[in-house]
Amino acid sequence: MWEDKKSPASSLAERIYAAVRLIPRGKVASYSQIAALMGNCNLRRHVGNALHKNPSNSLTPCHRVVNAKGVCSGSFAFGGGDVQRQKLEAEGVLFTGGHVDMHVCCINEDDFEAMRASLIAEWGEREYEA
């Protein structure tokens, strides 16, 4: 019997989207933090690529992912230069000097561990670490 298996890239993208959906409203995560949730900090470019191809911004709030300095993405990603910032400010994210105040609004270690636990619960320990 034929099985419909997802490609590894598709599977990684789905995992990235699942992690991004766990970022609490009013907070942000960096590309590296999402990559770390995937088990490899070097996947940050894959995170950016997957979010650029996000099929549903209403389901996966990719506007909550910024670079490590809190800088929003370029204008191509959200339909205009200030759209990501507007979405984040509407959720209560604070900006200082033109970028997200990462000390106040970035996910913390407790958030990260709660997100990790949720992903493990969804996929199982073996699948999470695969």
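All figures in this text were calculated on a predicted structure; none of them were measured in a lab.
- With rounding to the nearest 0.5 angstrom, the CD1 atom of I120 is 9.5 Å from the CG atom of L37.
- Separating the CG atom in N54 from the CG atom in N49 is a distance of 11.5 Å, to the nearest 0.5 Å.
- Distance check, rounded to the nearest 0.5 Å: SG of C106 to CD1 of I23 gives 9.0 Å.
- Across N67 and M102, no two heavy atoms sit closer than the pair O-CE, 3.8 Å.
- One finds a salt bridge joining R64 and E91 here, because a Lys/Arg side-chain nitrogen approaches an Asp/Glu carboxylate oxygen to under 4.0 Å.
- Side-chain contact check for L51 versus Y31: some heavy-atom pair is nearer than 4.5 Å.
- Side chain to side chain, S30 and S32 fail the donor-acceptor criterion of an N or O pair below 3.5 Å.
- Tested against E89 for a side-chain hydrogen bond (donor to acceptor under 3.5 Å, both in side chains), the candidates Q86, K87, R85 yield a single pass: R85.
- Of the residues listed (V47, L43, L22), the one engaging I34 in a side-chain contact (heavy atoms from CB on, under 4.5 Å) is V47, and it is the only one.
- In this structure, NE2 on H52 lies 14.0 Å from CZ on R45, to the nearest 0.5 angstrom.
- Grouping the Ile, Leu, Val, Met, Phe, Trp and Tyr side chains by contacts below 4.5 angstrom, directly or via other members, places M115 with M38.
- Linking Ile, Leu, Val, Met, Phe, Trp and Tyr whenever their side-chain heavy atoms come within less than 4.5 Å puts L119 and Y17 in one cluster.
- Across every non-hydrogen atom of A35 and C41, the tightest pair is CB-O, 3.7 Å.
- Taking every heavy atom of both residues into account, G70 and H99 meet most closely at O-CB, 3.3 Å.
- The same ILVMFWY cluster, assembled from side-chain heavy atoms under 4.5 Å apart, contains both V20 and F112.
- Note that the CZ atom of R21 and the OG atom of S56 stand 8.5 Å from one another [nearest 0.5 Å].
- Under the 4.5 Å side-chain criterion, counting only non-hydrogen atoms from C-beta, D111 is not in contact with E109.
- Among the candidates V66, V71, V93, V28, the single residue satisfying the side-chain contact (heavy atoms from CB on, under 4.5 Å) test with Q84 is V66.
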